[in-house]
Amino acid sequence: MCFFYLHYPPKPDSEESVDPIRPIKSRVASSYDSAKYSKFVRLYRNMFPEQFEQDVTPIDQSKINGSIKCWEYPKHNSVLNYGMEYYLENEEDLPVSFPDSQILLRLLEDKEKVSHIFRTARIQGLDTFEGLLLFGKECCYIVDGFTMLCNQEIHDIDSLPKGSFDPILPSTTSGSCQTAQNIKQCSKIFYEDICEIHKRRYLLQPIALEVFCANGQNYLLSFPQKVRDKVFQKVSSMATQIADNAQQSVAGQKRAASVEHKTGLLNNLIGETSVTQRWVRGEISNFQYLMHLNSLAGRSYNDLMQYPVFPWILANYDSEFLDLSEPSNFRDLSKPMGAQTQERLEQYLKRFKDWDDPQGDTPPYHYGTHYSSAMIVCSYLIRLEPFTQHFLRLQGGHFDLADRMFHSVKEAWLSASRQNMADVKELIPEFYYLPEFLENSNRFDLGTKQNGDILNHIVLPPWAKNDHREFIRMHREALECDYVSRHLHLWIDLIFGHKQQGQAAIDAVNVFHHLFYEGNVDIYSIEDPLEKSAAIGFINNFGQIPKQLFRKQHPAKRITTTKQFSILGDVSPLHPPQTPIGVTPAINYEKIFFYHLNNLKSSQQPIKELKGPVGQIIHYEKQILCVEQNKMLIPSSYNRYVGWGFADHSLRIGCYDSGRIHQVWENVDICGEIHTCTCPSAKLLIFAGTSSVLSVYHMDTNMKKISLKQTLYGHIDAVTALTSSTAYNIIISGSRDQTAIIWDLARMTYARQLIGHVGAVTAISINELTGDIATCSGTWLYIWSINGLNLAVVNTSMGSSDRMQQILCVTFSYIREWDTNNVIITGSTDGRIRLWSMEVIRNRPQQSSVNANNELLTVESGAKDNNLKLSKSNVAWERKLVFRTDLTMHTAYDYKNNIEPASITALAISKDHHTLYVGDARGRVYAWSVADSSSGCQARLVTQEVNKGSSLEH
């Protein structure tokens, strides 16, 4: 937090007295919390001056560094000579006779042998970091702050005088090399962790590569001309785990497939399936398809100048309710943003017709601005870091005038579609999955508009019910609806297809300035420095047309009467999760269990029986795998398990099929008595127990050795629940100290704490689609966002109070995240499986009371409500957990026909969502699915119209 507020100091007193409505051209960037934090720091500094001795000591700016792995070192002019201009090949160790070589070696693993070195520049947002790419035995290194000169000498960049070497990327780019000075950051990438590598362009030049890793990290690297392809071949040969899998690829297809599928019988028989064919057949969602097309067209989250582009979908931002079957509620997807109204269209046509360039260098165009640029992206995301800092850099260090900033979705639509001739911007992917960018959670002082409106959170349309998450959900639902599915190919023709260029673009009123297009400018062939600087500045500041993917008309999506869709692997397809839900064929909604809760049946006999209480159930390749408590199946093949809880504090690896123990590690007691475990991958085991410490172990590929990798401290009592998500790279632990902690799985560090539980946390689950988190304590169910916002809280206790109803397990359905029919499922000690959905509903008249903590609690009149909520004045809508039904057959104690009732200890859902699997304390696993119309055996469902409510308001 301290680093955050260093960027946003309190406003000076002279600015406090200024009329808030009067525009300030150079408004100091600050947060409303800056003054409060500044006072706290001053107080803390006076109380503990010894902790601030480093702050009061003069700092040598030449020694500042903030890297992943860094050292302070003196400046040297020594050189390391190799013999290649832009790269070198040497199978021997790096020479250590030169000081700069010693500095470089300290950043690598001990006894590392480097075979190849290439000059590179790492691109991140607006920043570029000049450095070197080194290939070692088991990993490669991206080391910032070093370069190789034309005379084949390697230097620390800080030791070189200005102008002594040519940077890979021209210094006139918006990414400043100044940020790379004095920083010796070394990023290590194991070859086995590289899952994809794609050729990219930068500054409209084919000089970049993007590397994707299994842990979610990715790097955009630029190289000197004619070097990129050599690096691509080298990485491809060293990365042994690159999988040619269409479902897991960021491109959505195999490498050999062509995005524009060729016609003909032979191609249909032996050709690889393209991502377009998958979309046309309904195997992937509209969101996924657009993300894949952006990736194929070279758009990247790492480059703000080539950020992924998404379309405006809706045109109705006034109605209280949104009818997705009404065509008038949608934007015309067959026309670019400049042609949405006839009045603007005529002006753009006139500009094109009347264009006259005396020099003859610039051909006629309709639009001099672009639909996507670094400024557009930063203006949308200005309320989130690091985009706030990027925006300030583009704006000269201060926020823009309030009337020009993104403040309202409706106003942004009107500006881009009809009001502003210089505005034809489209959207970014975050409009369909990230509600946080709509909230001013950092409390930035964004100014006041001339009409007196103070800029804060984004103003939403009425149909969003004043809820940012609801806006994202409905916006995503609109993107996936039938109308958009029928017309989305028309927008693709404009952005990625045959109407992007040529006569088709002229006819579609879709021609932009010629410098926006790839191939129209070669910055390396421009000799005039001023002309070169102007061309680069134009490309950087105004936008870049995506790579053209289709030369012919794009096919339309098939809309069938029987709706089919696939399970989405992740809200961000640029990082497909390595989880059991990653690969799924198209499925039919008529069999999805949560659409037919009043027509579910249970298997008459257990489909699996274990010797003890069921601890885990996995649906893997049409098999149902399950193990007892104190065991965990090891991904990704799930043919082995790890067991704990033995008297000798040992860990044991066993074979799932035979039960034979293959490996025993004794005296693994760093976390005391082990209570729980999670296994994110075949190489990582995370244990926790009575010591309150999470112990992270690395396991070798043969599962014969383990080594302690990290210990995570944060809890003050025994850890009772543990889970992880590779899709979101997080670990979540729950404890008897009544808290849960979110940990960063990639960095093995603390992220945030979830507080407010009524007792020990007994169960945790993560929604692999949305990142939402469910924690359970006693009979209470808590739903959180991945950023720790408490979304809803409900007491699941129902019926007789003389029997314990403690929640022992919880899970999410994870299909079509925009669908409000999705459920959160809890299993309790009373043998009942309860199903809940989260909805935003209108408040009813309320009665107030004050609790022991002087918190104002509200209880809705006229109905039972088990939900906890803190009052909020003038709230028309609130997010609540709605009880859907509960399942009782075989396991519920208070159902008289159950001969052997038992507590529910494990839950799982099949990949196709046709079946809900339930494990109990007697070791039985039952399957619940939609009953056939002819089936006479129905399970007993207890459906209660409990008042639909839950939420903890803030």
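Position 1 is the first residue of the sequence, and the numbers go up from there.
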Would you say Ser295 and His198 are linked by a side-chain donor-acceptor pair, where the criterion is simply a distance under 3.5 Å? no

Donor-acceptor side-chain pairing of Arg736 and Gln738 below 3.5 angstrom: no

Checking Thr273 against Arg278: is there a side-chain donor and acceptor pair closer than 3.5 Å? no

For Asn302 and Asn218, which I'm curious about, is there any donor-acceptor pair between the side chains at under 3.5 Å? yes

Looking only at heavy atoms, what is the nearest atom pair of Pro606 and Glu609, with distance? CB-CG, 3.7 Å

Assess the side chains of Ser650 and Trp665: does a donor N or O sit below 3.5 Å from an acceptor N or O? no

Between Gln629 and Thr905, is any side-chain donor less than 3.5 angstrom from a side-chain acceptor? no

Is the backbone N or O of Gly923 less than 3.5 Å from a side-chain atom of Asp920, with the two atoms forming a donor-acceptor pair by type? yes

Is there side-chain contact between Ile617 and Val925, with heavy atoms separated by less than 4.5 Å? yes

is_close_aromatic(Tyr814, His913), centroid dist under 6.0 Å: yes

For Glu138, look at atom CD and say whether over 12 heavy atoms of other residues, nucleotides or ligands are found less than 6.0 Å away. no

Does CD1 belonging to Ile755 count more than 12 external heavy atoms closer than 6.0 Å? no

Are any of the side-chain heavy atoms of Glu768 and Ser725 separated by less than 4.5 Å? yes

Might you confirm whether atom CD1 of Ile716 has over 12 heavy atoms from other residues, nucleotides or ligands at distances under 6.0 Å? no

Would you please classify the geometry between the His715 ring and the Trp743 ring as parallel, tilted or perpendicular, with 30° and 60° separating the classes? perpendicular

With a 6.0 Å cut-off on ring centres, are Tyr641 and Tyr656 close enough? no

Between Gln241 and Ile194, is there a side-chain heavy-atom distance shorter than 4.5 Å? no

Tell me whether the NZ or CZ atom of Arg228 lies within the 45° cone about the ring axis of Phe223 and under 6.0 Å from its centre. no

Can you see whether Glu112 engages Tyr141 through a side-chain donor-acceptor pair at a distance of less than 3.5 angstrom? yes

Atom CG in Leu754, atom CZ in Arg752: separation rounded to 0.5 Å? 8.5 Å

Polar contact flag, side-chain donor to acceptor under 3.5 angstrom, Asn639-Ser637: yes

So how far is it from Lys188 NZ to Cys139 SG, rounded to the nearest 0.5 Å? 5.5 Å

I would like to know whether Glu109 and Lys137 meet salt bridge (Lys or Arg N to Asp or Glu O under 4.0 Å); could you show each step before the answer? CA-CA 10 Å; Glu109 291 293 319; Lys137 292 185 297 183; over 6 Å; no

Taking the side chain from Ser735 and the backbone from Ala718, do they hold a donor-acceptor pair closer than 3.5 Å? yes

Considering only heavy atoms from C-beta outward, does the side chain of Val627 approach that of Tyr638 to under 4.5 Å? no

Should we say atom NZ of Lys234 is surrounded by more than 12 heavy atoms from elsewhere, each under 6.0 Å from it? yes

Close side-chain approach of Val810 to Ile825, heavy-atom, < 4.5 Å: no

Between Arg106 and Asp110 (salt bridge meaning N to carboxylate O under 4.0 Å), is one present in this structure? no

In terms of side-chain heavy atoms, does Arg747 have a donor or acceptor partner in Thr749 at a distance below 3.5 Å? no

Is there side-chain contact between Phe687 and Leu685, with heavy atoms separated by less than 4.5 Å? yes

Evaluate the side-chain proximity of Ile732 to Ile741: yes if any heavy-atom separation is below 4.5 Å, no if none is. no

Carboxylate-amine/guanidinium contact Lys199 Glu210, below 4.0 Å: no

Distance col, row Thr915:OG1 vs Ile624:CD1, nearest 0.5 angstrom, shows 7.5 Å

